[in-house]
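We use all heavy atoms of the structure for the numbers below, so side chains are in, but hydrogens, waters and symmetry mates are not.
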Amino acid sequence: MDVGGGSAPSDSGPRPWQSYNTVYTNAKAGMEGVDKEKVQRVVYEMSKGSKYFENEERKEAEMRQKVERMSAQCEKLSAAELSQNQMVADKRVLELEATRDLTKVWLHVDMDAFYAAVETLCDPSLRGKPLAVGSMSMISTANYEARRFGVRAAMPGFIACKLCPELIFVPPDFKKYTHYSDLTRKVFQTYDPNFMAASLDEAYLDITAVCRERNTISEEIAKELRNTVFEETGLTCSAGVAPNQLLAKVCSDIKKPNGQFILPNDRTAVMTFISSLPIRKIGGIGKVTEHILRDVFGINTCEEMLQKSGYICALFSRSTADFFLSVALGLGKTDTPEVRMRKSISNERTFSATADETLLYQKLAELAELLSTDMQREDLHGCTLTLKLKTSAFEVRTRAITLKRYICSSNDILKYASKLLKDELPVSLRLIGLRISHFKTERLGTLADPSQKSLTNFFLGDASKKLKDGNSSCTDTEDHSFASDMGTVIFLEGREMNLHEFGDQPDRIDARDCYQRNLFCENTEITNASSSCRIGDELQVDTPNSRKIDLAVDQSEYSDLLGTHSMLHVFDDGSHLDMAGDGHIMSHNEGNTCSKWQFSWLDDYKCSVCGVELPPSFVEERQEHLDFHLAEKLQREEPANQPRVHSSTQRTTPRQLSARRGKSKKHKASHNDGGHLPIHLFFGKMNQNF
DNA sequence: ATACATACC
DNA sequence: TACTGGTATGTAT
Ligand SMILES: Nc1ncnc2c1ncn2[C@H]1C[C@H](O)[C@@H](COP(=O)(O)OP(=O)(O)OP(=O)(O)O)O1
Ligand SMILES: [Mg+2]
Ligand SMILES: [Mg+2]
């Protein structure tokens with residue numbers, strides 16, 4: 001791909017194929033001696049004029065527009081803006097550099113031509129011959145013999161046939177691949193019991209301990225591991241060893257197939273390695289990003305990335321800029337990842353394009369059935385359904401709805417999927433897909449993911465301490481390799497809440513949901529789907545460590561402004577939380593780090609209700625109210641010896657305070673011990689928007 | 001929350 | 001004749 005870099009005309013000239021940028025000529029393993037121009041020409045000839053081709057051209061045009069737009073943005077930057085951004089970038093580089101950890105030894109292992117190798121193992125007569133796993137429509141992978149002809153994954157079979165008439169096709173057989181994958185994982189496990197499988201054919205292993213315990217250098221461990229894998233499976237693999245996961249992955253590709261590359265845990269070695277490395281080799285930088293970085297900034301290598309850090313900070317989001325700067329410094333994840341749970345499950349099918357509605361509904365029903373079966377296998381229930389469509393012109397559309405309840409039956413899936421599809425008709429389609437997400441996170445009173453940390457723990461010191469040490473699986477530093485100074489996310493009934501710890505004011509905490517201002521209101525409804533939660537209700541939370549947190553459902557004093565707007569008061573022995581419907585948290589924790597009420601707004605917090613943005617003055621007013629309120633509250637509470645005080649909310653005006661407290665007490669008094677509903681609060685991975 | 005785009009195997 | 005399928009995540013609104 002990327003032959004002309006935009007210099008060749010798209011519809012005329014002596015070499016029109018040069019403008020058709022396919023991914024197939026990428027420098028992937030095994031493509032070294034390939035006649036790239038020939039591949040490009042054949043692919044172009046076979047594709048030219050097709051609907052697929054037209055769509056690719058449309059996408060390319062969009063990409064060029066994006067490049068244009070960003071180039072213009074670059075031009076527009078004043079010298080002052082630029083130097084300002086350069087300062088930001090330099091500061092960020094220093095901060096990122098400070099997180100460099102060279103104490104771990106990471107190994108990335110990736111099987112060679114995996115599907116094809118398994119097929120060859122099962123049918124030795126295939127050995128030595130060019131082989132593709134897939135069909136005339138699509139190839140999943142090709143062995144190295146076939147790659148010499150330019151045949152590779154994601155290439156349609158009929159084009160591969162033109163490149164390599166001898167090519168043998170074998171249809172995919174996932175049972176085989178999972179079987180052999182399991183065999184390889186048994187081997188991986190002996191080197192790192194917490195190894196992270198990245199796919200059927202690759203994994204990340206922290207071999208720090210093995211190297212230390214056996215007093216063996218990583219090179220020997222890698223050799224031994226690859227030998228064992230071969231003995232156990234008859235399959236070859238390649239390995240990369242480096243101080244972090246990102247670099248290990250790059251390294252495993254270098255000596256492919258059946259080879260290994262070791263990058264020592266030495267800063268100079270890393271910087272030398274990274275400086276000449278084409279950015280496209282880095283996981284996460286694909287065709288589009290490569291183009292943008294090259295055509296907008298003139299960045300081809302990681303070294304150039306560092307030189308253009310000012311521009312990067314000026315034009316990209318914080319998290320993206322951080323990722324690029326991390327890459328430029330050769331940084332990457334060095335921690336053992338937390339238990340990862342699936343976030344979505346989906347099915348999709350391509351068929352010969354049709355606009356026949358009966359036929360389309362029939363396909364939809366089949367998919368709903370399939371999806372439901374897959375969900376039952378893992379006992380999954382989700383509340384967001386996404387319909388995916390691909391028109392006969394290859395244009396992709398998605399339509400989603402989020403339901404108030406969790407679903408899993410094929411009937412329910414089909415019911416809502418049909419509604420989504422109905423609105424799109426008439427349309428000629430070549431693909432339909434269904435996806436379910438936002439899973440129910442709790443089953444039988446226990447958390448699906450045992451590694452989740454409880455909110456109680458967090459505020460009572462356990463997780464809180466770890467957060468400061470930076471060595472917990474849920475700290476902000478762990479995701480820090482790339483995710484900048486993010487805090488942690490709370491999930492409440494499967495919904496994400498951002499939780500931010502201010503770096504310079506460690507006892508300040510602010511949280512809000514990513515999307516909906518009235519998340520708590522929503523969650524209350526969901527949680528109480530069967531028993532209808534009302535204002536004044538109190539609930540009990542079961543946390544993983546068996547602590548109980550009480551939640552009271554409250555209503556804002558501003559409900560006339562905000563509409564019905566519930567909020568939850570959380571209180572626990574010695575610590576209290578007020579969680580407002582707009583996502584703010586106040587914490588009061590006498591026994592630990594917080595010795596007084598804390599409250600915080602984000603500077604750029606935009607307060608909006610029902611889609612209407614409230615003016616900053618509104619926010620400021622509330623801040624004043626709060627200050628007043630807290631002062632008064634502290635005064636009143638200090639002498640009082642109430643065992644558990646319901647805090648008021650930041651929306652409560654001073655004048656209303658006493659009335660409010662009276663109400664709270666009444667709620668407490670009317671507390672009904674029976675029928676506590678479990679709500680689970682737990683920490684999850686950071687979201688970028690903060 | 002939704003839609004669309006990008007990336008990876 | 002024929003250009004995938006499954007999952008995660010980023011960007012923009
Ligand atoms: N685009 C794709 N579509 C469907 N399946 C794919 C695709 N790419 C890869 N796969 C499947 C088949 C591969 O054998 C398997 C592992 O992928 P990957 O490691 O990238 O390639 P590979 O193992 O076939 O060759 P190698 O690793 O030697 O380059 O995943
Ligand atoms: Mg592989
Ligand atoms: Mg792989």
Side-chain angles (χ1 to χ4, degrees), chain A residues 22-24 28 43 46-47 50-56 59 62-63 66 110-111 113-115 133-141 152-162 169 171-172 174 177 181 197-203 249 280 282-292 316-320 323 340-353 367 370-371 374 383-390 392 394-403 420 430-438 482-483 495-496 513-519 522 611 685-689:
Chain A
T22 69
V23 296
Y24 309 128
K28 251 281 189 182
V43 170
M46 296 299 294
S47 304
S50 68
K51 297 209 166 123
Y52 174 83
F53 182 90
E54 309 264 308
N55 189 252
E56 288 300 298
K59 278 159 56 183
E62 264 176 24
M63 199 169 86
K66 195 168 175 183
D110 187 303
M111 305 304 293
F114 185 52
Y115 294 180
V133 176
S135 68
M136 277 313 221
S137 293
M138 184 47 61
I139 290 173
S140 284
T141 196
R152 50 156 297 168
M155 179 181 276
F158 68 91
I159 294 181
C161 283
K162 275 281 183 305
F169 284 85
F174 283 89
Y177 313 142
S181 178
S199 72
L200 278 185
D201 94 317
E202 68 193 78
K249 165 99 176 141
R280 184 63 166 87
I282 275 114
I285 299 185
K287 177 184 149 160
V288 173
T289 311
E290 178 190 35
H291 261 263
I292 290 173
F316 292 101
S317 73
R318 170 90 186 238
S319 63
T320 304
F323 170 67
R340 301 183 313 167
M341 40 197 277
R342 85 148 72 230
K343 295 186 175 60
S344 71
I345 186 165
S346 63
N347 278 171
E348 68 190 51
R349 287 291 166 261
T350 295
F351 43 82
S352 50
L367 285 168
L370 240 170
L371 186 55
D374 289 354
C383 67
T384 299
L385 176 69
T386 306
L387 172 73
K388 176 179 172 182
L389 307 174
K390 184 145 68 183
S392 42
F394 287 84
E395 181 199 348
V396 175
R397 297 179 194 160
T398 61
R399 299 290 179 259
I401 43 162
T402 297
L403 308 164
L420 292 174
R430 76 184 330 274
L431 173 145
I432 299 182
L434 287 175
R435 179 168 73 248
I436 295 264
S437 50
H438 288 132
F482 302 133
R495 307 264 178 164
E496 266 181 293
D513 70 302
C514 312
Y515 308 112
Q516 288 177 299
R517 299 299 175 225
N518 58 348
L519 170 128
E522 175 117 349
K685 224 180 81 189
M686 192 50 217
N687 178 294
Q688 59 116 205
N689 284 333

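Listed nucleotides: C:dG10, B:dA1, B:dC4. Nearest to the side chain of A:T320: C:dG10. Side-chain proximity of A:E62 to the nucleotides C:dT4, B:dA5, B:dC8 is greatest for B:dA5. Distance from the side chain of A:E202 is smallest for B:dC9 among the nucleotides C:dC3, B:dC9, C:dT11. In this structure, the nucleotide among B:dA7, C:dC3, B:dA3 sitting nearest to the side chain of A:K287 is B:dA7. Nearest nucleotide to the side chain of A:L431, out of C:dG5, C:dG6, C:dT4: C:dG5. Taking every side-chain heavy atom of A:V288 into account, B:dT6 is the closest of B:dT6, C:dC3, B:dT2. Residue A:S344 places its side chain closer to C:dA8 than to any other of C:dA8, C:dC3, B:dA3.
Contact of the A:Y115 side chain with the A:D201 side chain is not registered, since no non-hydrogen atoms from C-beta on lie closer than 4.5 Å. Within the 4.5 Å cutoff, side-chain heavy atoms of A:M155 are placed close to those of A:V43. Contact check for A:E202 versus A:K249: side-chain heavy atoms found under the 4.5 Å cut-off. Within the 4.5 Å cutoff, no side-chain heavy atoms of A:L434 are placed close to those of A:I436.
For C:dC3, the OP1/OP2 oxygens have a side-chain nitrogen or oxygen of A:R430 closer than 4.0 Å. For the pair A:R435 and C:dT9, the criterion of a side-chain N or O lying under 4.0 Å from OP1 or OP2 is not met. For A:K343, a side-chain nitrogen or oxygen approaches OP1 or OP2 of C:dT9 to under 4.0 Å. Listed pair A:T350 / C:dC3 fails the phosphate criterion, with no side-chain N or O lying under 4.0 Å from OP1 or OP2. The phosphate of B:dC4 (OP1 or OP2) has a side-chain N or O of A:T398 nearer than 4.0 angstrom. Side-chain nitrogen and oxygen atoms of A:N347 include at least one within less than 4.0 Å of the OP1 or OP2 phosphate oxygen of C:dG6. For the pair A:S50 and C:dA2, the criterion of a side-chain N or O lying under 4.0 Å from OP1 or OP2 is not met. Considering only side-chain N and O atoms, A:S140 lies nowhere under 4.0 angstrom from the phosphate OP1 or OP2 of C:dG5. Contact annotation: A:S137 does not reach the phosphate of C:dC3 (side-chain N/O to OP1 or OP2, under 4.0 Å).
For the C1' atom pair drawn from C:dA2 and B:dA7, the interatomic distance equals 25 Å after rounding to whole Å.
Applying the side-chain contact (heavy atoms from CB on, under 4.5 Å) rule to A:D374 yields the partners A:I345, A:N347, A:L370, A:R377; only residues at least two apart in sequence or on another chain are considered. Partners of A:Y52 by ring-ring contact (aromatic ring centres under 6.0 Å, His included), not counting sequence neighbours, listed by chain and number: A:F394. Partners of A:S437 according to the side-chain contact (heavy atoms from CB on, under 4.5 Å) rule, which considers only residues two or more places apart in sequence or in another chain, are A:S344, A:T384. A:F114 meets the ring-ring contact (aromatic ring centres under 6.0 Å, His included) test with no other residue; sequence neighbours excluded. For A:S135, the side-chain contact (heavy atoms from CB on, under 4.5 Å) partners are A:S137, not counting sequence neighbours.
Atom CD in A:E56 sits about 16 Å away from atom P in C:dA2, given to the nearest Å. In this structure, A:D110 places its CG atom 9 Å from C1' of B:dC9, rounding to the nearest Å. Nucleotide C:dT9 holds its P atom 20 Å from the CZ atom of A:R318, rounded to whole Å. Between the CG atom of A:L403 and the P atom of B:dT2 there is a distance of 9 Å, given to the nearest Å. One atom, CD1 of A:I432, and another, P of C:dT4, lie 15 Å apart when rounded to the nearest Å. Nucleotide B:dC8 holds its P atom 16 Å from the OH atom of A:Y115, rounded to whole Å. One atom, CZ of A:F169, and another, C1' of C:dA2, lie 11 Å apart when rounded to the nearest Å. Atom C1' of nucleotide C:dA8 and atom CZ of A:F323 are separated by 14 Å, given to the nearest angstrom.
Only A:A154, A:P156, A:F158, A:I159, listed by number, bring a heavy atom of residues 153-160 of chain A to less than 4.0 angstrom from any atom of DNA chain C.
Note on A:L367: nothing from the nucleic acid sits closer than 4.0 angstrom, heavy atoms only. Using a 4.0 Å heavy-atom distance criterion, A:T289 is classed as a sugar-phosphate-only contact. Within 4.0 Å of A:D201, counting heavy atoms only, lie sugar-phosphate atoms of the nucleic acid but no base atom. Counting non-hydrogen atoms under 4.0 angstrom, A:K249 reaches the backbone sugars and phosphates but no base. Residue A:K390 is in sugar-phosphate contact alone, with no base atom involved, counting any heavy-atom pair closer than 4.0 Å across all strands shown. Among the heavy atoms of the strands lying under 4.0 Å from A:I285 are primed sugar atoms or P, OP1, OP2 only; no base atom is included.
Counting non-hydrogen atoms of neighbouring residues, nucleotides and ligands closer than 6.0 angstrom, the NZ atom of A:K51 reaches no more than 12 such neighbours.
Each of A:M138 and A:K66 has a nearest nucleotide on DNA chain C; the 5'-most of these lies closest to A:M138. Toward the 5′ end of DNA chain B lies the nearest nucleotide of A:E395, the other residue of the pair A:E395 and A:L200 mapping further downstream. Nucleotides of DNA chain C nearest to A:F394 and A:E348 differ in position, and the one nearer the 5' end is that of A:F394.
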